[in-house]
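So the structure is just underneath, and the comments pick up after that.
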Amino acid sequence: MMMVKKNTVIIGLIQTRVSDDINRNMENTISKIRDAAKKGAQIICLQELYRTKYFPTDERKDVTQLAETIPGETTIALSDLARELNVVIIAPIFEVDSGKHYNTAVVIDTDGKIIGSYRKMHIPHDPFFYEKSYFQEGDLGYQIFRTPHLCFGVLICYDQWFPEAARTLALQGVDLIFYPSAIGYLEGDPLSQEDWHYSWENIQRSHAIANGIHVASVNRVGTEGEIRFWGASFVCDAFGRMIKRASQEDEEVVVAELDISQNKRIQDGWGFLRNRLPSTYGLINSRILNETPKSLGYSMPAEWEKHDATWLAWPHDPVTFPSRVKKVESAYLKMINVLHKNEYVNLFVKDSNMRSTVTRLLEQRGVDLQRINFYVWDYADVWFRDYGPVFVTNREKKQISFVHWIFNAWSGKYKDLAKDTQVPHVISNRLQLNNFRPGIVLEGGSVDVNGKGTVLTTTQCLLSSNRNPHLSKAEVEKFLMDYFGINHIIWLKSGVVGDDTDGHIDNLARFVGPRTVVCAYEEDEADENHSVLKENYEILHQSTDQDGKKLKVIKMPMPPAISMRVRGKKTRLPASYLNFYVANKVVLVPTYMHKNDSLAIRIIHSQFPSREIIGIDCTDLVYGMGAIHCITQQQPTIIG
């Protein structure tokens, strides 16, 4: 039998009790780092948020003064210490970067230089662990850190409950995962501390066993508010066997010698990594593409090209539609009844009860339920155009993928709606489509394409300081070209009065053919929309398509001004006939019980003579600050 050479490394874990005095906490930690180094530790890991008490016990608290940059107070002090002691230090901090806050672990090498950082990915939000109020989801991915002693990864506290994160690091070749934590027992919990502690320890030991690696978890001790932190920092080997375990009550420096060569023997013996079957792990198999759509031959088709399906989310929110939900439901039933005859309707519902209710309503309308695909997920609102995926196709290869932009609820105006940025994740899991993630904020209603290489948008929206303030206009243009697969951009100015999206194009101007645009125009010079719409119209008259050919621009009248109280504030609603939706064989046009309705329908019919033009009363829907185009998203057919 071939012998594997023993490969040992000594690690240290610093378990402390934390006071309100940050300087005292820092001094205590430094003293214990020195103690660990004196005992031979080569890599030393501190507990989560080691400098401060665990402040996320309160859902809303101003702790911005505790945040620090990298480099900053912690890294400067610990870099000097790491260099002096010739050790690697893992320091979890409350990081601020460009106004965003993260729960971060910084890794400092023996020469005092920062190797890199890991930002906590999985963020809990439960009683006394309200971390989503303080930390954003990590954006650096799962990092591996290579030192002369060890190749390791760092995951932070709540990450420890997710086997996918541990497996991801194991597949990258780490020998050990450090889990700096802040976890404890809530007074009055019906389950015992022993139950919670048992689960916490065993889930991490299971990661060691399943991946054939060592695991080191470091926790704090002491009572802070309602939480009694249970300490019990530990190190286990690749069999899950306990090497060292600290006290549940006292501060402690855990120093353990590890035989890392054991990992390979166990990995080879069990074969867990070698015998994986990724092709069978559909829902958890990553399908994110690192290239851009344009580089791979993808582009966004025009809306009038053939669809496989239309995406919708069933209305339910009485804040969005106070005393109007039932009326808005009636509009949805009419739309679905029309759409499903020529394409599938993919419909989000919040839960099984809503699904049953909607199913009954559809059946009463004679809808063929075989053409309705339900997606059950707890979404916030109906604005699918803005938070849903933007589908792109590669016609040559007959492939479809989608782009998942960040949705921040229109520059953070409605924080309760921002969760809908997760909807593309749900769709990705179900459809198993490749997807692209640009990593910037953009809503689908802010752009309109002709399918030939040109996009319409507005400076008011895409250059808003609350969307992507770090990007210049040229950088935004690069994202548009790369992710929509276009090469020409027409910038209009501002949106209609009352538009809380900051000037979405789908209320202003829309392509109805490769070189034909319908443009909102207000003839009444006394109307506050007149000047801005006139300016947009004149810009379009001077614009060309991607081939340098002049556009044909058709005026579209505006509906009457409608003013209502929305979320407690009187405002003009962004009613527009441009918010129509082009589906297979039909066009759904918003109407507002006004004489201009019929004129708008005639104009749209002149551009789509082979499609049936159907007016949908949007007098209640627009109360939510949008109309038909805002709530729909097309999924194009793959065309050879």
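- Asp482 pairs by the side chain to side chain donor-acceptor pair (under 3.5 Å) definition with Lys478, not counting sequence neighbours.
- Remark: aromatic rings of Phe348 and Phe384 are close, center separation under 6.0 Å.
- Under the salt bridge (Lys or Arg N to Asp or Glu O under 4.0 Å) criterion, Asp139 pairs with Arg119, not counting sequence neighbours.
- Residues that satisfy the side-chain contact (heavy atoms from CB on, under 4.5 Å) test with His488, not counting sequence neighbours, are Thr454, Ile490, Thr544, Gln546.
- Evaluation of the side chain to side chain donor-acceptor pair (under 3.5 Å) rule for Asp527 yields Arg572 as partners, not counting sequence neighbours.
- Under the salt bridge (Lys or Arg N to Asp or Glu O under 4.0 Å) criterion, Asp351 pairs with no residue, sequence neighbours left out.
- Within the structure, every pair that satisfies the ring-ring contact (aromatic ring centres under 6.0 Å, His included) test and touches residues 523-559, not counting sequence neighbours, is listed here: Tyr521-Tyr537, Tyr537-His541.
- Ser323 is linked by a side-chain contact (heavy atoms from CB on, under 4.5 Å) to nothing, counting only residues two or more places apart in sequence or in another chain.
- Here Lys326 pairs with Glu329 under the salt bridge (Lys or Arg N to Asp or Glu O under 4.0 Å) rule; sequence neighbours left out.
- Ser133 pairs with exactly one of His101, Arg60, Glu59 by the side chain to side chain donor-acceptor pair (under 3.5 Å) rule, that one being Arg60.
- Residues forming a side chain to side chain donor-acceptor pair (under 3.5 Å) with Arg602 (at least two apart in sequence, or on another chain): none.
- Shown here are the side chain to side chain donor-acceptor pair (under 3.5 Å) partners of Thr292, two or more places apart in sequence or in another chain: Ser295.
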Under 3.5 Å, which donor-acceptor pairs do the side chains of residues 495-505 form with other protein atoms, sequence neighbours left out?
from: Asp499; atom 1: OD1; to: Thr501; atom 2: N; distance (Å): 2.9
from: Asp499; atom 1: OD1; to: Thr501; atom 2: OG1; distance (Å): 2.6
from: Asp499; atom 1: OD2; to: Thr501; atom 2: OG1; distance (Å): 3.0
from: Asp499; atom 1: OD2; to: His504; atom 2: N; distance (Å): 3.2
from: Asp500; atom 1: OD2; to: Tyr414; atom 2: OH; distance (Å): 2.6
from: Thr501; atom 1: OG1; to: His504; atom 2: N; distance (Å): 3.2
from: Asp502; atom 1: OD1; to: Lys413; atom 2: NZ; distance (Å): 3.0
from: Asp502; atom 1: OD2; to: Ser411; atom 2: OG; distance (Å): 3.4
from: Asp502; atom 1: OD2; to: Lys413; atom 2: NZ; distance (Å): 2.8
from: Asp502; atom 1: OD2; to: Arg467; atom 2: NH1; distance (Å): 2.8
from: His504; atom 1: NE2; to: Glu443; atom 2: OE1; distance (Å): 2.7

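- Residues satisfying the salt bridge (Lys or Arg N to Asp or Glu O under 4.0 Å) test with Asp308, not counting sequence neighbours, are none.
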